[in-house]
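This report refers to the structure that appears directly beneath it.
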Amino acid sequence: MAMEQTLCIIKPDAVSRNYIGRINTRIEERGMRIIALKMLWLSKSRAEEFYAVHRGRSFYEPLVSFMSSGPVVVQVLSGEDAINDYRKLIGKTNPLKAAPGTLRADFSGARHSGALYENALHGSDQLETARAEIPFFFKQHELHPR
Ligand code: IDP
Ligand code: MG
């Protein structure tokens with residue numbers, strides 16, 4: 001398996017409920033390494049840009065409002081097969097259908113609000129996506145592979 005880097009965002013629902021540490025413990029216990037991280041508050045226009053591929057979908061406007069509703073943690077994870085491995089760890093996009101024990105099943109705001117876009121975590125879906133999403137938030141010198 002190849003060493004890969006992937007972008008993780010801990011979304012406002014999970015940050016506001018104080019789940020940063022619990023989520024990152026699961027990521028580290030899985031064997032992935034956090035090689036860059038920061039907390040920031042996305043503007044509406046930055047959130048629109050990040051999710052531009054979904055423009056026009058019914059959930060786009062509420063998703064962008066949600067993603068700019070409070071601080072997020074953005075981080076780069078590294079590990080063997082990290083892109084797919086991390087997607088497995090977070091579970092299905094619909095957090096109410098994610099398998100028990102996945103991060104989305106355990107930490108999403110949707111469990112309380114029913115809003116499906118509140119699914120706690122973002123993860124790059126493939127290599128090309130990761131290669132575009134990581135520089136959206138980090139400069140090369142901010143990554144610390146180890
Ligand atoms: P992903 O985050 O699992 O890759 P995408 O299809 O790329 O899923 O969608 C991006 C984000 O948009 C999801 O994480 C979720 O927050 C939101 N989203 C996707 N599909 C729906 C939906 O059908 N209803 C509400 N929100 C959705
Ligand atoms: Mg996606």
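In each ligand, atom 1 is the first atom listed, and ligand 1 is the first ligand listed.
Residue L116 holds its CG atom at 13.0 Å from NZ of K92, rounded to the nearest 0.5 Å.
At least one cation-pi condition fails for R26 and F107: the charged atom is not both under 6.0 angstrom from the six-membered ring centre and inside a 45 degree cone around its axis.
Ion pairing between a basic and an acidic side chain is recognised when a charged N comes within 4.0 Å of a carboxylate O; E118 and R111 show no such pairing.
Closest approach of N119 to S108, counting heavy atoms only: CA-CB, 3.7 Å.
Ring geometry for Y51 against H122 counts as perpendicular: the plane angle is over 60°, on a 0 to 90° scale with 30° as the lower cut.
Within the structure, side chain to side chain donor-acceptor pair (under 3.5 Å) contacts touching residues 65-87 (residues at least two apart or in different chains) are N24-Q75, R30-D85.
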Measure from every N or O atom of ligand 1 to the protein's N or O atoms and keep only the pairs below 3.5 Å, writing each with atom names and distance to 0.1 Å.
| from | atom 1 | to | atom 2 | distance (Å) |
| --- | --- | --- | --- | --- |
| ligand 1 | 2 (O) | R104 | NH2 | 3.1 |
| ligand 1 | 3 (O) | R87 | NH2 | 3.2 |
| ligand 1 | 3 (O) | T93 | OG1 | 2.5 |
| ligand 1 | 3 (O) | R104 | NH1 | 3.2 |
| ligand 1 | 3 (O) | R104 | NH2 | 3.3 |
| ligand 1 | 4 (O) | R87 | NH1 | 2.8 |
| ligand 1 | 4 (O) | R87 | NH2 | 3.4 |
| ligand 1 | 7 (O) | H54 | NE2 | 3.0 |
| ligand 1 | 8 (O) | T93 | OG1 | 3.4 |
| ligand 1 | 9 (O) | H54 | NE2 | 3.3 |
| ligand 1 | 14 (O) | K11 | NZ | 3.0 |
| ligand 1 | 14 (O) | N119 | ND2 | 2.8 |
| ligand 1 | 16 (O) | K11 | NZ | 3.1 |
| ligand 1 | 16 (O) | Y117 | O | 3.0 |
| ligand 1 | 16 (O) | N119 | OD1 | 3.4 |

